[in-house]
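Below: one structure, written as structure tokens.
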Protein chains: 2
Amino acid sequence: MPLDPHTTATICQDEDAEQIAILNEHLIDPSTANRLAEVFKALSDPNRLRLISLLLENEVCVHTLEATLGMTQSAISHQLRHLRQLNLVRFRKEGRHVYYALDDDHVRGLFKQGLLHVEHG
Amino acid sequence: MPLDPHTTATICQDEDAEQIAILNEHLIDPSTANRLAEVFKALSDPNRLRLISLLLENEVCVHTLEATLGMTQSAISHQLRHLRQLNLVRFRKEGRHVYYALDDDHVRGLFKQGLLHVEHG
DNA sequence: TCAATACATGAACAAGTTTTCATGTATTTT
DNA sequence: AAAATACATGAAAACTTGTTCATGTATTGA
């Protein structure tokens, strides 16, 4: 009997072709796996998460991010570049300042859902 | 004017202490950031996501995971060990087989939420 | 125009991760 | 008891990632 209450079946051996077919239906394709991994990877670094937490409700300039996070300006800029390339943040320039904000409600959603799980246990 | 409709304020410069105080309230603490990063990191590898997708609804033995994913037995075992150490999967032994299943509804939830975002665009 | 401020970026380095390779243990089959 | 099957694991190799260092561009101020 399976341990996990959510589990519907036990699948093993290559003998039972029908079971293996069922299993294959659940397998996500490599392209989906890669894109999904990219999103989660963007959220898999503590400093990047701290940065994102600052952008959850406000747009903030690079210098203030630097001061608030206690990271070097270069490190911040590299991280922002990373997030930009994934279309997770966007920016606008005003004079010599560059303001960053979340580009996407997806990130906000995943961030908050992850936070719930971590906080309540 | 901010670009992001969700954005409530524009924060810049160290001059305005009140704004910086508001910003600091949003900053997650390092311990939370680390635990949050760990969860997302577990979901940040394509092969691990493909593996998890097989365990979403069923418990599956290692050999079948190997055959279905087209990975070596060793690579599978190492990934399973990793997921075990994070309490994301559990296993039970039966004869010479070891059945793995998700340990945790959290992962299922995050996985599915991530998938929605990736699939619909 | 010269200096200062705000930000970006390439290159190198340190650290971490995933896979492979080789080997080991436990269970079953013959 | 020997061979085969199922799985685990340490160590090394190959690859990825984050930060630092050095330097570059653009805008503002003196």
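Order of the sequence lines fixes the chain letters, A, B, ..., with proteins taken first and strands second; residue numbering starts at 1 for each chain.
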Of the candidate nucleotides [options], which contains the atom at the shortest distance from the side chain of [X]?
X       : options                : value
B/His78 : C/dT20, C/dT29, C/dT18 : C/dT20
A/Arg96 : C/dT19, C/dT5, D/dC7   : C/dT5
B/Val62 : D/dT19, D/dC7, C/dT20  : D/dC7
A/His63 : C/dA6, D/dA6, C/dA8    : C/dA6
B/Arg84 : D/dT9, C/dT19, C/dC7   : D/dT9
A/Val98 : D/dG18, D/dA6, C/dA8   : C/dA8

Tell me whether the OP1 or OP2 atom of [N] has a side-chain N or O from [X] closer than 4.0 Å.
X       : N      : answer
B/Arg81 : D/dA8  : no
B/Gln79 : C/dT19 : yes
A/Ser77 : C/dC7  : no

Is there side-chain contact between [X] and [Y], with at least one heavy-atom pair below 4.5 Å?
X        : Y       : answer
B/His26  : A/Glu57 : yes
B/Tyr100 : B/Leu80 : yes
A/Leu69  : A/Asn47 : no

Length of the [atom1]-[atom2] vector between [X] and [N], whole Å:
X       : N      : atom1 : atom2 : value
B/Gln13 : D/dT27 : CD    : C1'   : 13 Å
B/His97 : D/dA4  : NE2   : P     : 18 Å
B/Leu83 : D/dC7  : CG    : P     : 16 Å
A/Leu65 : C/dA8  : CG    : P     : 10 Å
B/Asn47 : C/dT20 : CG    : C1'   : 14 Å
A/Leu80 : D/dG18 : CG    : C1'   : 14 Å
A/Lys41 : C/dT17 : NZ    : P     : 12 Å
A/Glu94 : C/dT5  : CD    : C1'   : 16 Å

message: Using a heavy-atom cut-off of 4.0 Å across all strands, would you classify B/Tyr100 as base, sugar-phosphate, or nothing?
response: sugar-phosphate
task: Have a look at A/Lys93 and say if it touches a base, only the backbone sugar-phosphate, or nothing, with a 4.0 Å heavy-atom cut-off.
output: nothing
query: How far apart are the closest heavy atoms of B/Arg90 and B/Leu102, and which atoms are they?
result: NE-O, 4.0 Å
- prompt: What are the two closest non-hydrogen atoms of A/Thr10 and A/Gln19, and how far apart are they?
  reply: O-NE2, 3.5 Å
message: Please determine whether any donor N or O and acceptor N or O are separated by less than 3.5 Å between the side chain of B/Gln73 and the base of D/dA8.
response: yes
query: Looking at C/dC21, does its base get a donor-acceptor pair with the side chain of B/Ser74 below 3.5 Å?
result: yes
query: Within a radius of less than 6.0 Å around NZ of A/Lys112, do more than 12 heavy atoms belonging to other residues, nucleotides or ligands occur?
result: yes
